[in-house]
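Position 1 is the first residue of the sequence, and the numbers go up from there.
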Amino acid sequence: MAVDVVGAIASIVLGLVFLVAGGSKIAAGPDWPVQAVGLGAPRGVIPFVPWVEIVVGAALVVQVARRPAALVALAILLVFTTLLASRLSEGKRPPCACFGAWSAKPLGPGHLARNAALIAVAGLALM
């Protein structure tokens, strides 16, 4: 029973993060897609990222298909983390663009640490 509670709490926390991330990207208007291009995101997926984050976040918060939603969130986080690590390894430090207008800070190791923590939370949400 405690494992279910931990999984549920982790799911809600991760869902809230995804909801904020998706909402802040939309709120940033045309600035976010420009930042996403600068980060190296594929142009074809950029318009869909905020909406996918919102749908996944909502599913996690309301506990609808928690494990599949947590798997999708984990996959998204792994892709984002790989993209961030790639830019850092190339010596590039564009704005993160992870949270729309709230992410004007240049990429750094802290972004990777944050994503590692979120990946751990996604793992807990799978419990």
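Considering every non-hydrogen atom in both A85 and L112, the closest pair reads N-CD2, 3.8 Å. Between L107 and R93 the shortest heavy-atom distance is O-CZ, 2.8 Å. Taking both residues in full, the closest heavy atoms of A70 and A122 are given as CB-O, 4.2 Å, listed atom of the first, atom of the second, then distance. When all heavy atoms are compared, the tightest approach of P94 to L39 is CG-CD1, 3.8 Å. Residues P33 and P30 approach most closely at CD-O, 3.3 Å, considering heavy atoms. Listed here is the closest heavy atom pair of H111 and P106: CE1-O, 3.3 Å.
In this structure, CG on L84 lies 5.5 Å from CG on N115, to the nearest 0.5 angstrom. With rounding to the nearest 0.5 Å, the separation of CG in L74 from CG in L118 is 11.0 Å. Rounded to the nearest 0.5 angstrom, F80 CZ and L83 CG are separated by 8.5 Å. Separating the CZ atom in R66 from the OG atom in S11 is a distance of 6.0 Å, to the nearest 0.5 Å.
In the hydrophobic cluster analysis, where Ile, Leu, Val, Met, Phe, Trp and Tyr join through side-chain heavy atoms closer than 4.5 angstrom, F99 is grouped together with I76. Transitive grouping of hydrophobic side chains (ILVMFWY, heavy atoms separated by less than 4.5 Å) keeps I54 and L71 in distinct clusters. Residue I12 is not grouped with residue V121 when hydrophobic side chains (ILVMFWY) are merged at heavy-atom distances under 4.5 angstrom, including chains of intermediate members.
Between V52 and V45, every side-chain heavy-atom pair lies at or beyond the 4.5 Å cut-off. For the pair L77/F18, a side-chain contact is recorded, criterion being any heavy-atom separation below 4.5 Å from C-beta on. Considering only heavy atoms from C-beta on, W32 stays 4.5 Å or farther from I26 through its side chain. A heavy-atom distance below 4.5 Å is not found between the side chains of V20 and E53.
A donor-acceptor distance shorter than 3.5 angstrom exists from the side chain of T82 to the backbone of L78, with no hydrogens or angles considered. Side chain of K25 to backbone of C98: a donor-acceptor contact under 3.5 angstrom is found.
Residue V61 is tested with L14, L19, V13 for a side chain to side chain contact (heavy atoms under 4.5 Å, CB included); the sole match is L19.
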